[in-house]
Amino acid sequence: MTKLTQRFFDQKTELVAKELLGKVLVRKINDKKLSGMIVETEAYVGPHDLASHASKGKTNRTHVMFSSGGFWYVYMIYGFYYCLNIVTETEDYPSAVLIRALEPLEGIEIMKQNRKTDNIINLTSGPGKLCQAFEITKKIDSTSAISENSKLYIEDREIKIPANQIVKAERIGVDYAGIWKDKLLRFYIKDNLFVSKK
DNA sequence: CAAGAGATCATCT
DNA sequence: GATGATCTCTTGA
């Protein structure tokens, strides 16, 4: 039950994306606690990755991707939803892992209220959904996942996902990215019910 | 079921 | 002024 540190996030983005499967995202809101096991991620691997927002260079929105590992990058998409990323690798090298889906563990009743549904499968099975369930907004953007008092962080609960249970696939919704749309930079746990797209 | 439209706004040209 | 690392609902077979 240890919190992941900067050393973990400073590793190569593709490796972090893979290793995050089975780790547990924890959210604290006052006395409430929410958590879920990460079951699906995507790697956005550098400035040359045309699917990455950082391929456009450093802007107000993306500057946090240029920091060292362990910061949150949260942005609004399509005017309705937020997406949650954790920044990886060294300073000045823009890269991050998009957290796409979780398997709910603790605080399920609160997630049901936040998502306005009783269907467990529909609580956190997508990047926009999990942000709504976990009350993640732009306020989280650029904050640290590894500081002492972080209200959003990732725990290692020693859940080991065997290599043959990890599926590699193309990333979702990046048709504009040329040859980069076909790279196998999405990772998910085989047969897990909470993965957003099979 | 699958496919398509619509919602709505921060960000960059 | 266009566009998107999404989701939900409606339509139609």
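These numbers come from a predicted model, not from an experiment. Below, each value reflects all heavy atoms present in this structure, side chains not excepted, and no hydrogens, waters or symmetry copies. Proteins come first, then strands; the chains are lettered A, B, ... in the order of their sequence lines, and each starts at number 1.
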> Would you say Ser95(A)'s side chain and Thr88(A)'s backbone share a donor-acceptor pair under 3.5 angstrom?
Replying inline: yes
> Taking NZ, NE, NH1 and NH2 as the nitrogens, is one of them in Arg186(A) or Glu40(A) under 4.0 Å from a carboxylate oxygen of the other?
Replying inline: yes
> Quick one: does NZ or CZ of Arg61(A) land under 6.0 Å from the six-membered ring centre of Tyr73(A), within 45 degrees of the ring axis?
Replying inline: no
Between [atom2] of [N] and [atom1] of [X], the distance in whole Å:
X        : N       : atom1 : atom2 : value
Tyr75(A) : dT3(C)  : OH    : P     : 18 Å
Tyr73(A) : dA10(B) : OH    : P     : 14 Å
Arg61(A) : dT3(C)  : CZ    : P     : 15 Å
Tyr82(A) : dT8(B)  : OH    : C1'   : 12 Å

Name the closest nucleotide to the [X] side chain, picking from [options].
X         : options                 : answer
Lys129(A) : dT8(C), dA5(C), dT11(B) : dT8(C)
Thr59(A)  : dC7(C), dT11(B), dA5(C) : dT11(B)
Phe80(A)  : dT11(B), dA5(C), dT8(B) : dT8(B)
Met76(A)  : dC9(B), dT8(C), dA7(B)  : dC9(B)
Tyr176(A) : dA5(C), dC12(B), dT6(C) : dA5(C)

Mind checking [X] for me? I need base, sugar-phosphate or nothing, with any heavy atom below 4.0 Å counting as a touch.
X         : value
Gly79(A)  : base
Arg186(A) : nothing
Ile172(A) : sugar-phosphate
Asp49(A)  : nothing

> Within the modelled atom types, does a donor on one side and an acceptor on the other bring the side chain of Tyr78(A) and the base of dA7(B) under 3.5 Å apart?
Replying inline: no
> Once the angle between the rings of His48(A) and Tyr93(A) is folded into 0 to 90°, is it parallel (under 30°), tilted (30 to 60°) or perpendicular (over 60°)?
Replying inline: tilted
> How far, in whole Å, is dA3(B) from dA5(C) if one measures between their P atoms?
Replying inline: 22 Å
